Protein chains: 2
Amino acid sequence: MNTINLNVKFLLNLARVQSIMSKRFDRGMGNGVGFSEFLILFYLNQSDSQKMRRIDLAEKIGMTASGVTRMLLPMEKIGLIKSGSIDEDARVRSVLLSEGGKQKLDEALERFEILGEDIFSSVKIKEIEAASNLLVEIGGKILMS
Amino acid sequence: MNTINLNVKFLLNLARVQSIMSKRFDRGMGNGVGFSEFLILFYLNQSDSQKMRRIDLAEKIGMTASGVTRMLLPMEKIGLIKSGSIDEDARVRSVLLSEGGKQKLDEALERFEILGEDIFSSVKIKEIEAASNLLVEIGGKILMS
DNA sequence: AACATATACTTGATAGCTCAAGCATACATC
DNA sequence: GATGTATGCTTGAGCTATCAAGTATATGTT
């Protein structure tokens with residue numbers, strides 16, 4: 001990489017690792033959920049009422065509202081989520097994590113954790129923590145702009 | 001994120017930041033090259049003869065051979081790269097960085113560096129370096145499997 | 001109250017990739 | 001040297017997400 005700017009180098013590494021990671025995720029998860037579906041289930045579960053507006057979900061997982069609409073259709077069909085409405089605003093169609101979705105998420109999380117241990121087996125916890133914090137810092141910065 | 005496994009957390013942050021980054025890249029680069037095109041030009045330039053086999057290029061940028069084939073077609077049309085063959089093996093169609101491509105890369109790199117400075121302005125160099133090294137380490141580990 | 005503007009979502013068209021299959025060449029083995 | 005298998009690349013079909021435009025509701029302005 002000789003004279004390449006450090007920042008650029010970091011961003012290139014980021015892209016590379018992420019590309020490798022998501023492929024490995026899809027392979028490792030087998031016939032279960034895809035990465036985007038996993039993200040939806042995950043963030044839904046994180047929210048206190050397990051219920052979110054489509055647009056907030058989109059922002060969380062880094063996708064357009066349109067993308068979320070298309071993802072949710074089949075997910076609702078197979079009973080992973082349910083759609084509803086909220087009282088305060090008739091424009092929003094809320095997304096609710098259903099029982100099936102919760103189960104699927106638990107399965108996926110379990111396999112995901114094994115995958116993680118596998119990948120990080122020889123990396124020090126402190127290092128991962130530091131890198132993770134850096135990512136959050138960068139992510140926040142970018143989001144604000 | 002309460003009780004979520006640290007590794008999982010890292011991988012989620014990775015995905016999020018990468019998604020934000022590539023969008024920001026495409027926005028910031030304006031009507032210039034897209035991210036994948038940039039990667040092609042960049043890695044071509046990095047190779048000593050500025051010439052690579054399509055398949056090595058594919059592996060570098062984390063894409064299938066098929067994807068590379070489709071990307072290169074328009075890039076050759078507008079004079080960013082040239083296709084050739086190598087003496088040792090008649091199956092390969094080599095990719096050569098052309099003058100136009102080199103110019104485009106220089107422009108993109110310049111803008112990319114500014115983007116990088118903007119994003120990392122308040123992050124310590126040591127931290128970036130550490131995170132970057134961690135990414136390389138993970139990337140290598142994954143590639144071997 | 002009327003109107004302009006913003007927000008939440010959906011939908012048609014399309015971009016950018018993958019996967020599976022195919023073709024051509026290379027390499028290994030018998 | 002014929003035959004089987006691996007490699008490099010391309011191509012058709014299909015998937016996933018985007019963008020631009022459209023609909024419905026909300027909010028702010030006069």
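This one's a predicted model, so the numbers in the text were calculated from it and none came from an experiment. So that the names make sense, note that chain A is the first sequence line, chain B the second, and so on, each numbered from 1.
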Examine the side chains of K23(B) and S19(B) and answer whether a donor and an acceptor come within less than 3.5 Å of each other.
yes
Are F25(B) and V8(A) joined in one hydrophobic group, where the rule is that I, L, V, M, F, W and Y side chains link up if heavy atoms are under 4.5 Å apart?
yes
Distance, rounded to the nearest Å, where E59(A) contributes CD and dA8(C) contributes C1'
14 Å
Using heavy atoms to find the nearest nucleotide of DNA chain C for S94(A) and K23(A) separately, return the residue whose nucleotide is more 5′.
S94(A)
On a plain distance test, is the side chain of S66(A) in donor-acceptor contact with the base of dC19(D) below 3.5 Å?
yes
Among dC9(D), dC17(C), dC9(C), which nucleotide has an atom closest to any side-chain atom of R54(B)?
dC9(D)
What about T69(B), does its side chain sit under 3.5 Å from the base of dT11(D) through a donor-acceptor pair?
no
Spacing of L72(B) atom CG relative to dC9(D) atom P, expressed in whole Å:
10 Å
Can you measure E88(B) atom CD to dC27(C) atom P for me and round it to whole angstrom units?
10 Å
Ignoring hydrogens and geometry beyond distance, is the side chain of R70(A) in donor-acceptor contact with the base of dT18(D) at under 3.5 Å?
yes
Taking K51(B)'s backbone N and O only, do any of them form a donor-acceptor pair with S94(B)'s side chain (distance below 3.5 Å, no angle check)?
no
Is any side-chain N of the basic residue among D56(A) and K60(A) closer than 4.0 Å to the acidic one's carboxylate O?
no
Can you measure D26(A) atom CG to dC15(D) atom P for me and round it to whole angstrom units?
15 Å
Residue whose nearest DNA chain D nucleotide is more 5′ - V68(A) or A90(A)
V68(A)
Spacing of M52(B) atom CE relative to dG8(D) atom P, expressed in whole Å
13 Å
What integer distance in Å separates L73(A):CG from dC15(D):P?
15 Å
Atom CD1 of I55(A) and atom C1' of dT10(C): how far apart are they, to the nearest Å?
12 Å
Quick one about S83(B) and R54(B) (side-chain donor to acceptor, distance below 3.5 Å, no hydrogens or angles considered), yes or no?
yes
Below 4.0 Å: OP1/OP2 of dT7(D) and any side-chain N or O of R91(B):
no
The side chain of R53(A) lies closest to which of these nucleotides: dC9(D), dC19(C), dC9(C)?
dC9(C)
Whole Å only: how far is the CE atom of M71(B) from the P atom of dT11(D)?
16 Å
5'-most contact on DNA chain D: A65(A) or D89(A), nearest heavy atom basis?
A65(A)
Between dT10(D) and R93(B), is there an OP1 or OP2 to side-chain N/O distance shorter than 4.0 Å?
yes
